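Here's the structure we're looking at; comments come further down.
All values derive from a computational prediction rather than experimental measurement. As a basis for the values below, the full set of heavy atoms in this structure was taken, side chains included, without hydrogen atoms, waters or symmetry mates.
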Number of protein chains: 2
Amino acid sequence: MNKIETKGWTSDTVVSDLERAIHEHRLPPGTKLGEDELGDAYGISRTIVRAALLALSHRHLVELKRNRGAFVAQPSVREAREVFEARSLLEPRTAHSAALRMTDADLRLLNENIRDEHAALDAGENGRALFLSGQFHVEIARIADQSTIETFISELISRSSLIIALYWRRRAALCETQAHHALLDAFAQRDGDAAEQLMKSHLLDLVASLDLRNVSQPPTSLREALQR
Amino acid sequence: MNKIETKGWTSDTVVSDLERAIHEHRLPPGTKLGEDELGDAYGISRTIVRAALLALSHRHLVELKRNRGAFVAQPSVREAREVFEARSLLEPRTAHSAALRMTDADLRLLNENIRDEHAALDAGENGRALFLSGQFHVEIARIADQSTIETFISELISRSSLIIALYWRRRAALCETQAHHALLDAFAQRDGDAAEQLMKSHLLDLVASLDLRNVSQPPTSLREALQR
DNA sequence: CGCAACAAGATTGTATACGATTTTGTGCCG
DNA sequence: CGGCACAAAATCGTATACAATCTTGTTGCG
């Protein structure tokens, strides 16, 4: 693997970089994250890498197996349900708050986000589109001016990306930008109740688009199947 | 400081130990947690201590200041409001779910918890009473069978303990065991709606018992006042 | 030929050494 | 005597060395 260099990588920037790579499905669930490998890639020692992996494990994006190494998490069906249950408690009412605090600048930002997502989809950059789609939700929490809830939602969004990687049913494009459009309309009218309802429906739609039957955990490779 | 020893302290056990000490107000907000000091106390190297402090900082129980050290967090008024806002989104509906899943064994456990809290109060062990009071809330999330939400609530409860340490108005005893009693009754009747309402009120009462006016951040010592 | 025991290699876990930064203490100069 | 500059000490940040554990490959026996 070639170096990334050109930056002064700190623990936090490595976390951001890896989180984004996971979120964009460039690092699929189950991928082994070797400490030496990462250290070489970023041009830092294992000390920093370990701090980053520890942080990612606290966000449930990476699973640390003692004496075995770090792996991109593979959320179980159970965990997938829990994540969306948590989102359904946090996001609708947060969207409500956001609608009441929405500024024109915020609206422009959300609009741009949707536009960029469309552009990414057209360009075939599905990973980037998925990332932007998640950013839309995090941005709402930021607008609601609730940084504590924003932290939770941000984690849940990243985990949702892993869940989508594992359990997404339709192989077609993410045809959910309509939901975001509808939300944007509610925000534009500062209609808290509408935003809350739309968000609730949006999350239900998302869960419905997943295959969460307890049948088979699809391993990403033969190798991964044996590691469990 | 004398050693604790007698245990094989891992990073996780140190985290639990420190978290409990913080939760019980044995380590008040602003307390400096020196790495060498902790390493000596537990008989481990700074490597493990740092991993533990990193974990605690991710839970917002410890603040890491670069090249300055780790300190028990001192939540701002802003942060205090956010924590209780998050709790108000998560806990009522989680109590609802818990009520519907409640077993007799669960009821006994919650009952014991309340009894122990009373005993601790009578014995003047206010820290332990506060810890048990928090455990009550976490236990509800466990009974609701939502480990993801439980993790969030657990963090919020610990942060609430710091908030109470800083902004608690009445210096008298924590006369909130009645609220827990009322909740227990609702649980015993498997009345989800009642439990949800009671939890909502309970949280509102808690916030009301705090002094969250933006006046003065009471520093724990002269020293701390200058560090900010 | 198959399987088990053992040895070699690779990877993580922990401790420690060293450098950077901040804090604290001292002394010179105004 | 007060204040600034510089030096000493303490503490954190990072890298690296070594130990523990797991994985993998090999060999010998049944």
Tightest non-hydrogen contact, residues Gly8(B) and Thr13(B), listed as O-OG1, 4.3 Å
Between [N] atom [atom2] and [X] atom [atom1], what is the distance in whole Å?
X: Leu64(A); N: dT21(D); atom1: CG; atom2: P; answer: 18 Å
X: Phe71(A); N: dT11(C); atom1: CZ; atom2: C1'; answer: 10 Å
X: Lys65(A); N: dA20(D); atom1: NZ; atom2: P; answer: 25 Å
X: Asp40(A); N: dT11(C); atom1: CG; atom2: C1'; answer: 13 Å
X: Arg50(A); N: dT14(D); atom1: CZ; atom2: C1'; answer: 14 Å
X: Arg46(B); N: dT16(D); atom1: CZ; atom2: P; answer: 16 Å
X: Glu37(B); N: dC12(D); atom1: CD; atom2: P; answer: 9 Å
X: Leu38(B); N: dC12(D); atom1: CG; atom2: C1'; answer: 13 Å

B/S/- along nucleotides 6-11 of chain D (protein heavy atoms under 4.0 Å) is -----S
| task | Determine the interplanar angle of the Phe136(B) and His180(B) rings, folded into 0 to 90°, and report it as parallel if under 30°, tilted if 30 to 60°, perpendicular if over 60°. | result | parallel
Note to self: I want to check something: taking the side chain as every heavy atom from C-beta on, are Ser57(B) and Glu63(B) in contact at a cut-off of under 4.5 Å?
What the structure shows: no
Quiz item: Under 4.5 Å between any side-chain heavy atoms of Thr31(B) and Phe71(B), yes or no?
Solution: no
Can you check whether Arg66(A) has a side-chain N or O nearer than 4.0 Å to OP1 or OP2 of dT14(C)?
-> yes
### Task
Kindly say if Thr47(B) contacts the phosphate of dT14(C), meaning a side-chain N or O under 4.0 Å from OP1 or OP2.
no
Pair His58(B)-Arg59(A), side-chain donor/acceptor within less than 3.5 Å: no
### Task
Go through the side-chain N and O atoms of Ser147(B) and Glu82(A) and say whether any donor and acceptor fall under 3.5 Å apart.
yes
